[in-house]
Protein chains: 2
Amino acid sequence: MAQRIQNLRRAPTSSKMARALDFSSRRWALRIIWELRVGPLNFRALQAACGRISPSVLQRRLHELRALQIIEKIPRLGYRLSTAGEKLFQVLAQLDKWSRDMPVPLEQK
Amino acid sequence: MAQRIQNLRRAPTSSKMARALDFSSRRWALRIIWELRVGPLNFRALQAACGRISPSVLQRRLHELRALQIIEKIPRLGYRLSTAGEKLFQVLAQLDKWSRDMPVPLEQK
DNA sequence: ATTATTGCTATGAATACCATAGCAAAGGTT
DNA sequence: AACCTTTGCTATGGTATTCATAGCAATAAT
């Protein structure tokens, strides 16, 4: 385990990781996944859950997330996490924990 | 553990998490942390490690990350992860693992 | 003294994101 | 059936973010 992390520290950033980080930096991408943790949500419900996302961006992200097979569209219920999406949720759960443990409040201008 | 995740699924998105997700979506923010996993890097080294980041954005992110006390500036060596930054690295290590296990390649246009 | 490296700042163009309005299709109600 | 509501999206035009590139003062190395 410690060994695994040591190797991670030495190895150059993999292209897969570079892409994952790049994708993570698209606005609302991770938030959408996080909101879907509760179960399937339709377009408007997701919009409301995210707070202030504009529909054009939501629409774009949904397409992207579907192309990556992180979420899937189901006929009457809207969108839900795929298996890969569920695994990504587990990672985000760690981020949630981290954010709660942060000594400095994560305020941004 | 399963219980903890169940609770996460039910609870609304905390404001701390919302901010963490928002911050994660600033371009290069997580990548910078990931590149610093190897140890302290100076400005130009970080620039090179990230590949194509423009100096103005790097500069801005470094300020933000310092304000959040995720990284710290050390006189001759450049920038390095703080304790909180190291913890965030652990989360990113999970993301790295996830990206490697992804069945669909994370390609983006 | 000269050259190279480093840490930045400035600038203008390209891209991403925003708020808002609106509309066709489907579902529910009377 | 006629009406109203909800839903999933598209269109538009403005604002913010990020980009590539150039450059410059300060420090370090030769």
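Letters A, B, ... are given to chains in the order of the sequence lines, protein chains preceding strands, and every chain is numbered from 1.
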Asks: Report the distance from atom CG of Leu36(A) to atom CZ of Arg80(A), rounding to the nearest 0.5 Å.
Replies: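 Answer rounded to 0.5 Å: 11.0 Å.
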
Asks: Within this structure, what is the CG-to-P distance between Asn42(B) and dA29(D), rounded to whole angstrom?
Replies: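 In whole Å, dA29(D) P lies 12 Å from Asn42(B) CG.
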
Asks: I'd like to know if the side chain of Trp98(A) and the backbone of Ala84(B) have a donor-acceptor N/O pair within less than 3.5 Å.
Replies: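 Present.
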
Asks: Does dT6(C) have its OP1 or OP2 closer than 4.0 Å to a side-chain nitrogen or oxygen of Arg76(B)?
Replies: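 It does not, given that no N or O in the side chain of Arg76(B) lies less than 4.0 Å from OP1 or OP2 of dT6(C).
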
Asks: Report yes if some heavy atom in the side chain of Leu65(A) is under 4.5 Å from a heavy atom in the side chain of Phe23(A); otherwise report no.
Replies: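 A side-chain contact under 4.5 Å exists here.
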
Asks: Using the side-chain heavy atoms of Gln59(B), tell me which of these nucleotides is nearest: dC9(D), dG27(C), dT9(C).
Replies: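 Of the options given, the side chain of Gln59(B) lies nearest dT9(C).
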
Asks: One character per nucleotide, please: for nucleotides 17-25 of chain C, 5' to 3', B when the base has a protein heavy atom closer than 4.0 Å, S when only the sugar-phosphate does, - otherwise.
Replies: SBBBB----

Asks: State whether the number of non-hydrogen atoms from other residues, nucleotides or ligands found under 6.0 Å of Arg60(A) atom CZ is greater than 12.
Replies: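 Result for CZ/Arg60(A): open.
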
Asks: Send over the distance from Leu41(B) CG to dT5(C) P, rounded to a whole Å.
Replies: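 Rounding to the nearest Å, CG of Leu41(B) and P of dT5(C) are 18 Å apart.
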
Asks: With no hydrogens and no angle check, is any side-chain donor or acceptor of Ser25(B) less than 3.5 Å from a backbone partner on Arg26(A)?
Replies: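 A pair under 3.5 Å: no.
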
Asks: Strictly below 4.0 Å: does Lys73(A) bring a side-chain N or O up to OP1 or OP2 of dT7(D)?
Replies: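 Answer is no, no contact under 4.0 Å.
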
Asks: Flag the pair Glu72(A) and Arg66(A) as a salt bridge only when some basic side-chain nitrogen lies within less than 4.0 angstrom of an acidic carboxylate oxygen.
Replies: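 Salt bridge: no.
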
Asks: What is the distance, rounded to the nearest whole Å, between atom NE2 of His63(B) and atom P of dG7(C)?
Replies: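 To the nearest whole Å, that distance equals 14 Å.
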
Asks: Rounding to a whole Å, what distance do you find between Ile71(A):CD1 and dG8(D):C1'?
Replies: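 Interatomic distance, CD1 of Ile71(A) to C1' of dG8(D): 14 Å.
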
Asks: For the pair made of CG in Leu58(B) and P in dT21(D), what is the distance, rounded to whole Å?
Replies: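 Atom-to-atom, Leu58(B) to dT21(D), this comes out as 17 Å.
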
Asks: Find the distance Leu46(B):CG to dT5(C):P and express it as a whole number of Å.
Replies: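 After rounding, the reported distance stands at 18 Å.
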
Asks: Charged N to carboxylate O below 4.0 Å: is that the case for Glu86(A) and Arg9(B)?
Replies: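 So Glu86(A) pairs with Arg9(B) through a salt bridge.
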
Asks: Determine to 10° how strongly the helix from dA1(C)-dT30(D) to dT30(C)-dA1(D) is bent, judged from the axes of its five-pair ends.
Replies: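 The end-segment axes of the helix from dA1(C)-dT30(D) to dT30(C)-dA1(D) are tilted 30° relative to each other.
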
Asks: Taking only side-chain N and O atoms of Tyr79(A), does any of them lie within less than 4.0 angstrom of OP1 or OP2 on dC9(D)?
Replies: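 So the side-chain polar atoms of Tyr79(A) do come within 4.0 Å of the phosphate oxygens OP1 or OP2 of dC9(D), strictly under.
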
Asks: As an exercise, state the distance from CG of Leu46(B) to CD1 of Ile71(B), rounded to the nearest 0.5 Å.
Replies: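 Here the rounded value is 7.5 Å.
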
Asks: Any chance NZ of Lys16(A) has more than 12 other-residue heavy atoms, nucleotides or ligands included, within less than 6.0 Å?
Replies: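 Counting neighbours around NZ of Lys16(A), more than 12 heavy atoms of other residues, nucleotides or ligands fall under 6.0 Å, so yes.
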
